[in-house]
Amino acid sequence: DTEVTQTPKHLVMGMTNKKSLKCEQHMGHRAMYWYKQKAKKPPELMFVYSYEKLSINESVPSRFSPECPNSSLLNLHLHALQPEDSALYLCASSQAPPSSYNEQFFGPGTRLTVL
Amino acid sequence: LAKTTQPISMDSYEGQEVNITCSHNNIATNDYITWYQQFPSQGPRFIIQGYKTKVTNEVASLFIPADRKSSTLSLPRVSLSDTAVYYCLVANTGGFKTIFGAGTRLFVKA
């Protein structure tokens, strides 16, 4: 199974809402990533987890809160977002340690719209 | 991290070979060149990776000259389904950060 799944596919939320994005993989990968992608732009790295511990936070605002409850799951908790946070949020996984060299397997993403 | 430069867009016709060149003048000794493909509303997909000379797999070939300051992704006999964005990035085993370049939008016409 070389699939990374993400739920929900689409999410519309108000600026006062709290929501969560979920990502799951069963490839035994111990490195997991969150990316943000705006329209017609490349993916931008947000967070990197290695062996369930946060390794990199690319200066992401605190309204985004990642969580890695176990080696197969990755969550992104959202609170008090702004309209400019509307984007495609991509989850990826790879062999550990996390590295730009290792092939990353991406999920289909969650299309987030903040009203 | 070495910065990459690619053409913004390219057009091709079905059945043609497409070559997309990426410039990475500041590539370091332990850097590898990696290419990803992304279809609309999907996550990127790894295509190929190489260090020097030529690498070929079932999808593409990657040509890297001796100075490694550029690389060329070659897609043989493209079809309409190859319409996508192709990202070149420079990667190394010690680098945690994955930085995608701007990408090349390939449009294949019938």
Side-chain angles (χ1 to χ4, degrees), chain A residues 2-6 9-10 21 23 25 27 29-51 53-60 74 87-113, chain B residues 1-9 20 22 24 26-52 55 57-60 62 83-107:
Chain A
T2 58
E3 189 180 20
V4 175
T5 59
Q6 291 188 242
K9 285 186 167 45
H10 301 275
L21 309 184
C23 173
Q25 56 87 16
M27 292 178 276
H29 291 164
R30 303 299 294 276
M32 296 187 78
Y33 312 76
W34 279 114
Y35 289 85
K36 173 183 177 179
Q37 186 174 28
K38 302 283 274 185
K40 298 194 185 303
K41 296 291 186 184
E44 294 178 23
L45 186 66
M46 299 174 71
F47 301 104
V48 179
Y49 272 83
S50 177
Y51 297 99
K53 294 194 186 311
L54 185 65
S55 295
I56 292 179
N57 175 340
E58 285 287 277
S59 302
V60 179
L74 188 65
L88 181 68
Y89 287 84
L90 294 161
C91 171
S93 70
S94 75
Q95 299 282 358
S99 165
S100 53
Y101 169 80
N102 291 336
E103 176 180 352
Q104 292 183 30
F105 293 79
F106 284 81
T110 293
R111 178 76 59 188
L112 174 67
T113 302
Chain B
L1 290 168
K3 180 176 158 58
T4 60
T5 303
Q6 314 171 225
I8 294 174
S9 65
I20 305 174
C22 179
H24 27 79
N26 297 323
I27 192 167
T29 304
N30 59 347
D31 285 340
Y32 288 74
I33 297 107
T34 307
W35 287 81
Y36 281 81
Q37 173 193 56
Q38 186 177 24
F39 297 113
S41 298
Q42 293 188 26
R45 182 176 72 110
F46 176 93
I47 302 176
I48 199 166
Q49 183 180 71
Y51 184 80
K52 62 180 178 181
V55 179
N57 62 22
E58 64 277 6
V59 176
L62 179 60
T83 293
V85 179
Y86 293 83
Y87 293 102
C88 162
L89 51 144
V90 169
N92 65 73
T93 56
F96 277 18
K97 298 183 182 182
T98 303
I99 299 178
F100 284 84
T104 298
R105 294 184 175 277
L106 173 64
F107 186 67

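Order of the sequence lines sets the chain letters (A, B, ...), proteins ahead of strands, with each chain counted from 1. Because the structure is predicted, anything quoted here is derived from the model rather than measured.
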Could you tell me which residues satisfy side chain to side chain donor-acceptor pair (under 3.5 Å) with Gln6(A), sequence neighbours excluded, listed by chain and number?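 Result, side chain to side chain donor-acceptor pair (under 3.5 Å) vs Gln6(A): none returned.
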
Chain B contact via [X] - side chain, backbone, both or neither, heavy atoms under 4.5 Å:
X	value
Lys41(A)	backbone
Tyr35(A)	side chain
Glu44(A)	neither

Looking only at non-hydrogen atoms, find the nearest pair between [X] and [Y] and report the distance.
X	Y	answer
Tyr36(B)	Gln104(A)	OH-N, 3.0 Å
Thr98(B)	Ser100(A)	OG1-CA, 3.4 Å
Leu45(A)	Lys97(B)	CD2-CA, 3.9 Å
Ala102(B)	Pro42(A)	CA-CG, 4.3 Å

Phe39(B) versus chain A, the contacting section by heavy-atom distance below 4.5 Å: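 Neither part.
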
Does any backbone or side-chain atom of Gln49(B) lie under 4.5 Å from a heavy atom of chain A? Answer side chain, backbone, both or neither.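 Just its side chain gets close to chain A.
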
Against chain B, work out which of Ser50(A), Pro108(A), Pro43(A), Gly109(A) has the most heavy-atom pairs shorter than 4.5 Å and name it.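 Highest number of heavy-atom pairs under 4.5 Å: Pro43(A).
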
First locate atom [atom1] of [X], then atom [atom2] of [Y], and finally report the distance between them rounded to the nearest 0.5 Å.
X	Y	atom1	atom2	value
His10(A)	Ser41(B)	NE2	OG	7.5 Å
Phe46(B)	Asn102(A)	CZ	CG	10.0 Å
Ile99(B)	Glu58(A)	CD1	CD	7.0 Å

Residues which pass salt bridge (Lys or Arg N to Asp or Glu O under 4.0 Å) with Glu103(A), listed by chain and number, not counting sequence neighbours: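 Listed in chain order: nothing, the list is empty.
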
